[in-house]
Amino acid sequence: MFEGVLVTTSSGLFASFVGQGGIFRSRDVLRSTYTPKELPHREEQIQELASVLAPALHGETPSNILIYGKTGTGKTAVAKYVGKELEEADAGSTCSVIYLNCEVVDTQYRVLAHLARHFDKDIPMTGWPTDQVYSEFRNALDEKKRVVVIMLDEVDKLVRKGDDVLYNLSRINSDLVQARVSLIGISNDLKFTEFLDPRVKSSLGEDEIIFPPYNAEQIQDILEQRAELAFRPGVLADDVIPLCAAFAAREHGDARRALDLLRIAGEIAERARSQMITEEHVKAARDKIEQDRVEEVIKTLPTQSKLVLYSILLLEEQAARNITTSAVYGMYKQLCPLVEVESLTHRRITDLIAELDMLGILHTVVISKGRYGRTKEISLSVHPPKLKSILLQDYRLKDLANFSVPTQARFGPV
DNA sequence: CCTCCACAGGAAACAGGGGCGA
DNA sequence: TCGCCCCTGTTTCCTGTGGAGG
């Protein structure tokens with residue numbers, strides 16, 4: 001039955017993927033790592049940052065800057081863009097820009113090693129005393145007259161682990177004879193300076209730039225600009241971009257979300273061998289993103305919460321109607337010894353159920369049954385078989401796989 | 001209209017693990 | 001190194017409450 005098909009495509013497993021026109025011209029354009037040539041609706045911030053950094057071109061030291069803004073507001077893109085422009089505008093090659101992401105490079109040693117390597121210094125991954133790495137870096141830096149702009153993306157991650165680096169870097173200029181350093185801190189936590197050493201705070205925050213969230217129209221512009229590069233002409237249905245923008249604007253103006261949505265919609269359309277991306281694909285993409293989020297949340301839940309979820313799952317499986325907190329607690333009590341977990345109190349389970357409700361995994365309603373008391377009715381908002389398979393991925397719960405409800409539990413003494 | 005069920009959910013105490021200064 | 005404090009998750013104790021049945 002399938003032989004015919006196999007023979008015709010035997011030229012290669014991927015033949016059908018190569019042959020078909022495809023939707024994407026370049027899907028990387030829609031990834032967050034891509035830095036576009038133009039940044040719509042960020043002209044103001046670009047100007048501000050550029051005017052602060054401009055003195056570097058005359059060999060003067062620019063002020064240190066802190067850049068604030070929520071995720072997906074273009075902080076990193078603007079910083080990288082301006083950095084690139086600065087290096088290109090610099091004729092005498094006296095200034096350079098070093099970008100590093102403090103979420104990846106997250107300790108004092110690694111930051112300094114990274115900086116020193118930028119000047120072709122050989123620094124081992126580990127082993128040297130930190131101050132040796134520091135002086136190595138400083139010497140390399142001071143070899144000639146130049147201005148170095150250091151961009152620290154997600155500085156807040158660095159602060160959590162002690163801000164010694166920031167302190168050292170912020171006063172490195174007094175240690176230098178020829179070279180000059182200017183710092184740019186990028187943070188999405190507006191309050192992170194509260195945890196900062198006051199000296200670092202005042203030196204780092206000489207200048208501040210705030211990035212407001214995008215609104216729906218602005219996101220739409222960004223999407224249109226990227227879509228032109230990312231997709232083949234004519235594959236986008238008219239309402240796709242406005243829809244993506246509307247979904248993302250609802251989530252506090254995060255452009256990254258909008259781009260993800262568009263990219264995933266494209267991937268879904270491509271997989272479906274569709275010639276066009278339609279509204280349906282965008283909705284499917286939104287659902288997929290939401291599903292992935294829920295899956296991630298469930299996977300990282302503490303064991304106790306997973307047990308509670310599993311209890312509700314079992315109750316749902318035996319088609320119990322109106323699942324109450326105490327029914328869940330009864331089931332939970334039975335499960336605990338099976339996985340060798342200390343059981344918590346009823347009160348605590350009430351809270352765990354409330355948390356699961358908050359996360360959108362459950363849905364609960366408080367109802368009063370008059371004479372017969374007051375309870376919470378609980379229902380799952382995740383597809384039960386799916387939930388089961390996610391929960392059983394946890395090795396601690398594997399013993400529950402073939403557990404079935406003892407009958408006397410259902411019709412036990414009243 | 002009143003009662004009283006069977007819980008919800010607030011308040012406070014508690015446990016124990018980690019970080020920090022002396 | 002020790003003691004102290006703080007933070008988070010938990011327990012204990014408690015008060016509050018919507019509405020069916022009397």
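All heavy atoms count here, side chains included; hydrogens, waters and symmetry mates do not. A note on names: the letters A, B, ... follow the listed sequences, proteins ahead of strands, and every chain is numbered from 1.
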Colleague: Any side-chain N or O of A:Thr350 less than 4.0 Å from the OP1 or OP2 oxygen of B:dA8?
Modeller: yes
Colleague: Would A:Arg347 and A:Asp351 pass as an ion pair if we require N to O under 4.0 Å?
Modeller: yes
Colleague: Return the value, rounded to whole Å, for the distance between atom OH of A:Tyr372 and atom P of B:dC7.
Modeller: 14 Å
Colleague: Can you tell me the distance, in whole Å, between the CD atom of A:Glu342 and the C1' atom of C:dT11?
Modeller: 13 Å
Colleague: I need the CD-C1' distance between A:Glu377 and C:dG18, as an integer number of Å.
Modeller: 14 Å
Colleague: Please tell me whether A:Phe24 and A:Phe231 form a close aromatic pair, meaning their ring centres lie under 6.0 Å apart.
Modeller: yes
Colleague: What does A:Thr325 touch in the nucleic acid at a heavy-atom separation under 4.0 angstrom: a base, only the sugar-phosphate, or nothing?
Modeller: sugar-phosphate
Colleague: State whether A:Lys288 and A:Glu267 are salt-bridged, where the test is any N-O pair (Lys NZ or Arg NE/NH1/NH2 against Asp/Glu carboxylate O) under 4.0 Å.
Modeller: no
Colleague: Roughly, in whole Å, what's the span from CD1 in A:Ile353 to P in B:dG9?
Modeller: 10 Å
Colleague: Choosing from B:dC7, B:dT3, C:dG18, which nucleotide comes nearest the side chain of A:Arg371?
Modeller: B:dT3
Colleague: Tell me: CE of A:Met358 to C1' of B:dG9, nearest whole Å?
Modeller: 15 Å
Colleague: Starting the side chain at C-beta, find the nucleotide from C:dG19, C:dT10, B:dA8 nearest to A:Lys376.
Modeller: B:dA8
Colleague: Rounded to whole angstrom units, what separation is found between the CG atom of A:Asp351 and the C1' atom of C:dT8?
Modeller: 13 Å
Colleague: Salt bridge or not between A:Asp260 and A:Arg257? Use side-chain N to carboxylate O under 4.0 Å.
Modeller: no
Colleague: Please determine whether a side-chain nitrogen of the Lys or Arg among A:Glu290 and A:Arg293 lies less than 4.0 Å from a carboxylate oxygen of the Asp or Glu.
Modeller: yes
Colleague: Just to confirm, is there a sub-4.0 Å distance from OP1 or OP2 of B:dC7 to any side-chain nitrogen or oxygen of A:Ser326?
Modeller: yes
Colleague: Would you kindly give the CZ-to-P distance between A:Arg348 and B:dA13, to the nearest whole Å?
Modeller: 19 Å
Colleague: Can you figure out which of C:dG19, B:dA8, C:dT11 approaches the side chain of A:Thr345 most closely?
Modeller: C:dT11
Colleague: Grab the CD1-P distance between A:Ile349 and C:dT10 for me, whole Å please.
Modeller: 9 Å
Colleague: Quick one: is B:dC5 close enough that its OP1 or OP2 comes under 4.0 Å of any side-chain N or O from A:Ser368?
Modeller: no
Colleague: Can you figure out which of C:dT10, B:dA8, C:dG21 approaches the side chain of A:Val366 most closely?
Modeller: B:dA8
Colleague: Using heavy atoms to find the nearest nucleotide of DNA chain C for A:Arg374 and A:Arg347 separately, return the residue whose nucleotide is more 5′.
Modeller: A:Arg347
Colleague: If each of A:Gly370 and A:His346 is mapped to the nucleotide of DNA chain B with the nearest heavy atom, which maps nearer the 5' terminus, i.e. the 5' end?
Modeller: A:Gly370
